[in-house]
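First comes the structure, then the notes that go with it.
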Amino acid sequence: MTDPAPSTLGVYGITVAAELAGLGEQTLRLYERRGLLTPDRTSGGTRRYSDSDIAVLLRVAELLAEGHNLVGARRVIELEAINSDLRIRIAELTA
DNA sequence: CTTCTAACA
DNA sequence: TGTTAGCA
């Protein structure tokens, strides 16, 4: 029922991440500026997107298609993350 | 690759 | 409001 959480290790450059998410590079940078994402940075300052970052990007695209704006999408993703953590805690306490 | 700015729908 | 193109 619960999908395994994607790796949070930054591995993709912005070009690859944008391609995987089906979005433009500028769009990815905008999402970061709006606080929807915080990809890792190399010492040189280039972004490194993880699988979980890609998952967030895909989720943002879904939410926007449903009529959310970027602020609303950020809220939903934040709440979903909290909800996920709580489900894990419930599972631990139930075990 | 980066940030920033301006224009478009 | 969100996306995109062009510049430095």
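Residue numbers start from 1 in every chain, and the chains themselves are labelled A, B, ... in the order their sequence lines are given, proteins ahead of strands.
Closest to the Asn69(A) side chain, of the nucleotides dT2(B), dC4(B), dT1(C), is dT1(C). Of the listed nucleotides (dC4(B), dG2(C), dT2(B)), dC4(B) has the atom at the smallest distance from the side chain of Gln26(A). Listed nucleotides: dG2(C), dT3(B), dT4(C). Nearest to the side chain of Leu70(A): dG2(C). Comparing atom distances between the Leu30(A) side chain and each of dG6(C), dC1(B), dT3(C) picks out dT3(C) as nearest. Counting only heavy atoms from C-beta on, Arg29(A) has its side chain closest to dT2(B) among dT2(B), dT4(C), dT1(C).
Between Arg59(A) and Glu62(A) there is a salt bridge, since a side-chain N of the basic residue sits under 4.0 Å from a carboxylate O of the acidic one. Classification of Arg41(A) and Glu32(A) as a salt-bridged pair holds, one side-chain N sitting under 4.0 Å from a carboxylate O.
Atom OH of Tyr12(A) and atom P of dC1(B) are 16 Å apart (whole Å). Atom pair Leu28(A):CG and dC1(B):P shows a separation of 11 Å (rounding to whole Å applied). Separating the CG atom of Leu64(A) from the P atom of dA9(B) is a distance of 20 Å, rounded to the nearest angstrom. Per the geometry, CG belonging to Leu36(A) stands 14 Å off P belonging to dT1(C), to the nearest Å. As a whole-Å value, the separation of Asp40(A) CG from dT2(B) P is 13 Å.
Put simply, Arg34(A) has a side-chain N or O that comes within less than 4.0 Å of OP1 or OP2 on dG2(C). At the phosphate of dG2(C), neither OP1 nor OP2 sits under 4.0 Å from any side-chain N or O atom of Thr27(A). The phosphate of dT3(B) (OP1 or OP2) has a side-chain N or O of Arg41(A) nearer than 4.0 angstrom. Contact annotation: Tyr31(A) does not reach the phosphate of dG2(C) (side-chain N/O to OP1 or OP2, under 4.0 Å).
Looking at heavy-atom distances under 4.0 Å, Arg48(A) makes no contact with the nucleic acid at all.
Within the shown strands, dT2(B) is the pairing partner of dA8(C) under the Watson-Crick or G-U definition, both distances less than 3.5 Å.
Tyr12(A) and Asp53(A) form no side-chain donor-acceptor contact under 3.5 Å, judged by distance and modelled atom types alone.
Of the possible donor and acceptor atoms, one in the side chain of Thr94(A) sits under 3.5 Å from a partner among the backbone N and O of Ile90(A).
Follow the hydrophobic side-chain contacts under 4.5 Å out from Tyr31(A) and you reach Leu58(A) in the same cluster.
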